[in-house]
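Comments concern the structure below.
Count residues from 1 along the sequence. Just so you know, these numbers use all the heavy atoms, side chains as well, and skip hydrogens, waters and symmetry mates. Every number for a ligand or one of its atoms is a count from 1 in the order of the listing.
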Amino acid sequence: MQKKYEGIIKQAAAEHKLERDEIITLLSCDGPALEFLFAAADQVRKTFMGDAVHLRGLIEFSSYCQRNCTYCGLRENNKTLSRYRLDAEEILTIARAAVPLGYKTVVLQSGEDSYYSAEMIAVITCRLKEELSLAVTLSLGERAKEDYRLWREAGADRYLLKHETSDAELYGALHPDMDWGNRKKSLYTLRELGYQVGSGCMVGLPGQTLTSLAADLLLFKELDVEMAGIGPFIPNPNTPLASAQRGTVELTLKMIAIARLLMPQTHLPATTALGSIDSKGRQKALVAGANVVMPNITPNKYRRLYEIYPNKICLDDNPAHCRNCIGGIISSLGRTVAESAGHSPKEQFTLGLG
Ligand code: SAM
Ligand code: SF4
Ligand code: FES
């Protein structure tokens, strides 16, 4: 193995710092150096986060979206998709069924759908906390600061808003009706309001460079995120990016591994998108730095309608089946399913939390 890779990896594993050019070098490594990178990330994960894998039950509660992100099947201009919305009782019923399956966190995710007023989401959040004692992650896209504040006051613990790409020009091209500055500002607003902040990026977007991927990792570090969701871009035939190349498993795994070296205490999911382009994708991520999985707990009849990208896994499976499947994957790796809520291990989030 070339000494240059080994030296950078060892230093990053010890100090959790990398310069932009060092990240670019690591993103280009292969062969024994790549294996060394994954092993180092796995060791950092073990030391700082332990062997327990946190499960977050994902409820995809509305496929309506007012945005037009050029990569996403939920974009408003995709008229081929039948849309659905779940009401508060349906969401509560799904969450109730998740508790006996061992879920301690639910993630409420949707397109940007103003049908749900801030008050409606606050009431649902409050009931999830009070009736079921679940940790609640929200992922509804960009909303007004007052909405974020209300939800936080209602008890929402975490918010997931991926920055998608830190390349402002590429961000502008991919998001015709959105603004990069606003995205970043929203992430800082969530931080200010005391959320555990989750960001994330896609890997392999058309026009994306290794330099911009390195900047994505440095942005996670700058934001000091509690979670970073890193997944491959998968072209959707019903979007303007239909004929683009998809991101690769290898580059996505490198991004996860480097993220782990840089951020030893950040939750890193083995993403569904990675599992959708490689049947062993989530297993590979779990041994390259990841420590979280987000199984889908949305009822069967809606899963096909939340078609962000094609060939998403688990479309014909129900929540109990997915829970069994993921439990099997985790134990086959010699790991365990976490019994706690899996809040960020940073001190400000663990004091008084379960
Ligand atoms: N609307 C909210 C938002 O955009 O933050 C949450 C729902 S959105 C469907 C969740 C994530 O899906 C996005 O953050 C994006 O990274 C991912 N996504 C959308 N289209 C994708 C694609 N074609 N390939 C991979 N990931 C995709
Ligand atoms: Fe809507 Fe989110 Fe998809 Fe963009 S990524 S079109 S905001 S659901
Ligand atoms: Fe859904 Fe494996 S996690 S079938």
Output yes when a side-chain donor or acceptor of [X] lies under 3.5 Å from a complementary backbone atom of [Y], and no otherwise.
X: W151; Y: I121; result: no
X: R127; Y: L92; result: no
X: K312; Y: Y306; result: yes
X: T25; Y: D21; result: yes
X: R45; Y: Q265; result: no

Which of these passes side-chain hydrogen bond (donor to acceptor under 3.5 Å, both in side chains) with E226: R191, R158, H343, Q196?
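Of the listed options, the one satisfying the test is R191.
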Taking D147 as the fixed residue, which of R143, R149, K145 is the one that meets the side-chain hydrogen bond (donor to acceptor under 3.5 Å, both in side chains) rule?
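The residue from R143, R149, K145 that satisfies side-chain hydrogen bond (donor to acceptor under 3.5 Å, both in side chains) with D147 turns out to be R143.
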Are the charged groups of D224 and K346 less than 4.0 angstrom apart, N to O?
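So D224 pairs with K346 through a salt bridge.
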Quick check on contacts: which atoms of ligand 1 are under 4.0 angstrom from a heavy atom of [X]?
X: K162; result: 14 (O), 16 (O)
X: S139; result: 6 (C)
X: Y71; result: 19 (C), 20 (N), 21 (C), 22 (C), 23 (N)
X: S110; result: 1 (N), 2 (C), 6 (C), 7 (C)

Classify the side-chain pair N311/S276 by whether it contains a donor and acceptor separated by less than 3.5 Å.
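No.
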So, [X] versus [Y], ring centres under 6.0 angstrom or not?
X: Y115; Y: Y64; answer: no
X: Y116; Y: F61; answer: yes
X: Y71; Y: H175; answer: yes

Looking at [X], which atoms of ligand 2 are within less than 4.0 Å of one of its heavy atoms?
X: C69; result: 4 (Fe), 5 (S), 6 (S), 7 (S)
X: G111; result: 8 (S)
X: C65; result: 1 (Fe), 6 (S), 7 (S), 8 (S)
X: R75; result: 6 (S)

Relative to atom 1 (Fe) of ligand 3, how many protein N, O or S atoms have a separation of less than 2.8 Å?
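Count of protein N, O, S atoms less than 2.8 Å from atom 1 (Fe) of ligand 3: 2.
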Counting only non-hydrogen atoms of the protein, does one fall under 4.0 Å from atom 2 (Fe) of ligand 2?
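Neighbour list for atom 2 (Fe) of ligand 2 is empty of protein heavy atoms (cut-off 4.0 Å).
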Is atom 1 (N) of ligand 1 near the protein, in the sense that some protein heavy atom lies at less than 4.0 Å from it?
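Answer yes: something from the protein, a heavy atom, is under 4.0 Å.
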Kindly identify the option in [options] whose heavy atom sits closest to [atom].
atom: atom 5 (O) of ligand 1; options: H163, R75, R183; value: R183
atom: atom 5 (S) of ligand 2; options: S62, S63, C72; value: C72
atom: atom 25 (C) of ligand 1; options: G73, G231, P232, A273; value: P232

Looking only at protein heavy atoms, which one is nearest to [atom], and what is the separation?
atom: atom 26 (N) of ligand 1; answer: M202 SD, 3.5 Å
atom: atom 14 (O) of ligand 1; answer: E164 OE2, 2.6 Å
atom: atom 18 (N) of ligand 1; answer: I308 CG2, 3.4 Å

Please confirm whether I234 comes under 4.0 Å of ligand 1, counting heavy atoms of the residue only.
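Contact check I234 vs ligand 1: positive.
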According to a hydrophobic-cluster definition based on side-chain heavy atoms being under 4.5 Å apart (Ile, Leu, Val, Met, Phe, Trp, Tyr only), do Y159 and V197 belong together?
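Y159 clusters together with V197.
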Tell me which pairs pass side chain to side chain donor-acceptor pair (under 3.5 Å) where either residue lies in residues 278-297, with sequence neighbours left out.
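Side chain to side chain donor-acceptor pair (under 3.5 Å) check on residues 278-297 returns E60-N296, R260-N291, H267-N291, D278-K284, N296-T298.
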Just heavy atoms, cut-off under 4.0 Å: does Q109 contact ligand 1 by side chain, backbone, both, or neither?
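Looking at Q109 and ligand 1, just side chain atoms fall under 4.0 Å.
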Ligand 1 contact on Y306 by region, counting heavy-atom pairs under 4.0 Å:
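Near ligand 1, Y306 shows its side chain, while the N, CA, C and O stay back.
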Classify the contact between R303 and ligand 3 as side chain, backbone, both or neither, using a heavy-atom distance cut-off of under 4.0 Å.
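Neither; nothing of R303 gets under 4.0 Å from ligand 3.
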Check whether Y195 forms a cation-pi arrangement with R152 (NZ or CZ under 6.0 Å from the six-membered ring centre, at most 45° off the ring normal).
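Yes; both conditions hold, so R152 lies above the ring face of Y195.
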Do the ring planes of F220 and H163 sit parallel (below 30°), tilted (30 to 60°) or perpendicular (above 60°)?
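Ring orientation, 0 to 90° scale: tilted.
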For the 3.5 Å polar cut-off, considering only N or O atoms, please tell me whether G111 and ligand 1 meet it.
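No, G111 has no N/O under 3.5 Å of an N/O on ligand 1.
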